[in-house]
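Hydrogens, waters and symmetry mates play no part in the numbers below; they use all other heavy atoms, side chains included.
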Number of protein chains: 2
Amino acid sequence: MAAVQSKSARVTIHDLAKAAGVSVSTVSKALNGNGRMAAETRERIQRLARETGFRPNALARGLLSSRSFTVGLLTNDTYGRFTLPVMAGISEALVDHGVSVFLCAIEDDPTLAKVHVDAMLDKQVDGIIATGKRIDRSLPVDLEGLPVPVVYAFTQGATGSVTLTSDDEQGAQLATEWLRGLGRSRLVHITGPDSFQSACERADAFREAAGPDAVVMHGEWSELWGHRAIANIWQSGRERPDGIVCGNDQIARGVVDALRERNVAVPEQVSVIGFDNWEIVAAQTRPPLTTIDMNLRELGRQAGLMVLALSEGKTVEGGVRKLPCKLVVRKSCGGAQD
Amino acid sequence: MAAVQSKSARVTIHDLAKAAGVSVSTVSKALNGNGRMAAETRERIQRLARETGFRPNALARGLLSSRSFTVGLLTNDTYGRFTLPVMAGISEALVDHGVSVFLCAIEDDPTLAKVHVDAMLDKQVDGIIATGKRIDRSLPVDLEGLPVPVVYAFTQGATGSVTLTSDDEQGAQLATEWLRGLGRSRLVHITGPDSFQSACERADAFREAAGPDAVVMHGEWSELWGHRAIANIWQSGRERPDGIVCGNDQIARGVVDALRERNVAVPEQVSVIGFDNWEIVAAQTRPPLTTIDMNLRELGRQAGLMVLALSEGKTVEGGVRKLPCKLVVRKSCGGAQD
DNA sequence: TTGAAAGCGTTACCAA
DNA sequence: TTGGTAACGCTTTCAA
């Protein structure tokens with residue numbers, strides 16, 4: 001049953017030198033394009049390297065250059081709702097530079113986090129990216145004063161540290177104005193707990209764009225809350241909205257379902273807009289949700305490029321950098337896609 | 001704005017030797033517990049190491065031992081539905097052994113995959129774990145004949161290779177028998193496309209457990225299909241089921257929603273069971289779904305321990321290893337939780 | 001144009 | 001009980 005694994009042996013630079021009948025240093029120079037040398041020699045060596053599938057040992061290289069071409073990614077988001085796209089972006093940005101990414105899932109365990117950080121440091125990572133699920137909480141580990149640069153993405157860093165996050169205010173404003181642009185005027189915002197900074201920032205931006213009368217309802221980040229919120233509004237005898245800005249796609253889904261149960265047509269009678277563009281929720285809702293996308297992948301890309309720059313000694317300005325969100329139009333608001 | 005990063009300098013074994021007034025080799029021995037030496041010397045050196053925060057350079061160590069304490073994780077599951085728990089399991093199992101995990105998201109791009117594999121090989125990974133979203137498709141890259149061991153998790157490997165997956169048949173059987181145990185006798189299975197091996201295996205196990213009359217309906221892995229399937233059944237004039245085994249949680253959710261729209265009570269009139277235990281779907285459905293959990297995290301753990309064993313030269317029997325699923329009881333079937 | 005040698009931070013072996 | 005030395009695979013400097 002055990003298959004024959006024709007484990008290809010590894011070729012070292014010594015092997016190559018012997019095969020080519022030159023010295024080790026000549027091979028090194030030939031392959032790295034350094035120094036002057038006979039074009040013929042260089043080509044011969046390069047051909048040989050290609051034929052034998054020679055690949056330099058990154059450990060040896062790293063030992064010498066004190067760069068490992070490796071960065072660590074710390075995350076406490078087991079769900080992956082936010083982390084996965086960010087990770088994909090980081091990986092994508094760095095692979096082009098020959099940099100590999102260590103994945104460290106730390107849950108919320110400080111001890112585990114410490115173990116991971118130490119392991120990464122031992123392996124001489126060129127930098128660390130810390131990611132989380134909310135900008136107003138920090139990971140359960142102190143990343144200050146490490147011998148390598150740290151970039152924070154979607155999690156709280158120390159003051160002055162380099163932090164990337166999405167622009168919640170701009171996103172909420174975008175959503176609100178989209179509804180207004182569609183002629184909706186009685187707007188309500190149904191969102192998550194006011195203990196979340198992002199919920200508050202979105203709510204503020206909503207109020208700003210919707211006017212002082214517009215109602216904000218805080219609850220959980222769940223479908224159930226979206227559902228309940230609609231029940232509350234419909235039972236209260238209050239004026240009923242014709243446009244609902246939701247704090248995330250799950251809430252929006254609850255809202256849409258609750259409206260359907262009341263025979264309120266979406267988007268004809270009420271426009272509903274979500275937040276997150278969580279494909280799996282947004283696309284499966286009936287009707288599919290128009291929503292705000294936080295460009296998490298791009299955020300990851302930038303985070304990757306930033307640690308890289310920092311690890312190369314470049315200077316990156318500290319502070320929180322907010323990346324703009326974009327609107328994704330589906331059917332739940334009417335308008336363009338109707 | 002730029003914070004003062006008091007980058008702690010790295011201590012080498014040389015520094016330590018100088019500080020302790022002994023030779024480098026003595027320090028090494030003292031810290032690794034090798035060889036005989038004066039207890040006093042050993043303690044003095046260990047204390048010094050602790051005080052200075054000395055940590056050996058893993059690159060240097062790896063160069064010598066030709067073990068990098070690093071493994072690569074290849075995945076084409078951007079969504080992370082399956083990969084994330086698997087990754088968490090791998091990471092969890094390996095961190096205890098001082099092994100770090102390179103995350104490589106390769107989408108379905110063969111070129112990208114090759115680049116990642118080469119980068120990992122350069123970095124002297126001790127082994128590679130390949131993960132995917134279905135057991136009947138392989139990653140777009142050939143992992144045979146690599147100089148390091150490979151373990152496949154939830155994706156197809158070459159014959160004879162070490163592969164881990166969950167036991168679809170056992171899972172479906174578990175689900176079906178749970179419904180029968182609750183007294184349900186008119187069973188239907190609504191599942192994904194018959195082009196998926198797992199859909200077929202689950203369907204076979206369902207037929208086996210439910211009896212020859214039991215109906216299997218193949219469609220998409222979506223809520224929409226669950227919805228439509230119920231519409232089909234209810235319109236067809238066929239006998240209506242009192243128990244529905246779904247191919248995944250999304251289908252189950254569509255089914256539950258469709259039943260509610262028809263005023264069919266779940267679980268009172270019909271029991272519905274899902275598959276996947278995708279928290280975000282299963283727990284948010286009304287009523288919350290009883291479902292089958294594939295133990296993906298455990299699968300990851302085992303995959304991690306297996307590459308580790310292989311990389312240490314131990315022999316692991318090849319072939320496909322199927323891990324049992326477990327039942328997660330919520331409310332959609334009635335019974336225990338009622 | 002090429003090669004010898006030193007050195008990166010460790011560990012292992014053998015001699016003192 | 002301790003220390004010198006070689007070695008891991010590579011790059012770089014300097015000399016030939």
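When each of B/L73, B/L164, B/T75, B/T131 is paired with B/V86, the side chain to side chain contact (heavy atoms under 4.5 Å, CB included) condition holds for B/T131 and for no other.
Mapping B/L63 and B/R44 onto DNA chain D by nearest heavy atom places B/R44 closer to the 5' end of the strand.
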Which atom pairs, donor and acceptor, lie under 3.5 Å between side-chain atoms of residues 147-155 of chain A and protein residues at least two apart or in another chain?
residue, atom, partner, partner atom, Å
A/T155, OG1, A/R137, O, 2.9

Side-chain atoms of residues 101-112 of chain A: list all donor-acceptor pairs with protein atoms under 3.5 Å, sequence neighbours left out, distances to 0.1 Å.
residue, atom, partner, partner atom, Å
A/E107, OE1, A/T78, OG1, 3.2
A/E107, OE2, B/R297, NH2, 3.3
A/D108, OD1, A/N76, ND2, 3.1
A/D109, OD1, A/T111, N, 2.9
A/D109, OD1, A/L112, N, 3.2

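With hydrogens and angles left out, the side-chain atoms of A/K123 and B/T70 include no donor and acceptor closer than 3.5 Å. Counted by atom type alone, B/D77 and B/T83 present one or more donor-acceptor pairs between their side chains at under 3.5 Å. Side-chain contact of B/S28 with B/S25: a donor-acceptor pair under 3.5 Å is absent, judged by distance alone.
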Counting primed atoms plus P, OP1 and OP2 as sugar-phosphate and everything else as base, spell out the protein contacts along nucleotides 10-16 of chain C at 4.0 Å heavy-atom distance: B, S or - for each nucleotide, 5' to 3'.
BBB----

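Using a 4.0 Å heavy-atom criterion, one finds that B/S66 contacts no nucleic acid atom at all. B/S65 comes within 4.0 angstrom of nothing in the nucleic acid, heavy atoms only.
Looking at A/S68, its side chain never comes within 3.5 Å of a backbone N or O of A/G62 through a donor-acceptor pair.
Taking 4.0 Å as the cutoff to heavy atoms of chain B, we find the contact window on DNA chain D bounded by D/dT1 to D/dG9.
Cation-pi check for A/R50 over A/F54 is not met; the charged atom does not lie both under 6.0 angstrom from the ring centroid and within 45 degrees of its normal.
Of the charged side-chain nitrogens involved, none lies within less than 4.0 Å of a carboxylate oxygen, so that A/E43 and A/R47 do not count as a salt-bridged pair.
An end-to-end axis angle of 50° holds for the helix from C/dT1-D/dA16 to C/dA16-D/dT1, taken from five base pairs per end and rounded to 10°.
Listed by chain and residue number, nothing satisfies the salt bridge (charged side-chain N to carboxylate O under 4.0 Å, His left out) test with A/R42 (two or more places apart in sequence, or in another chain).
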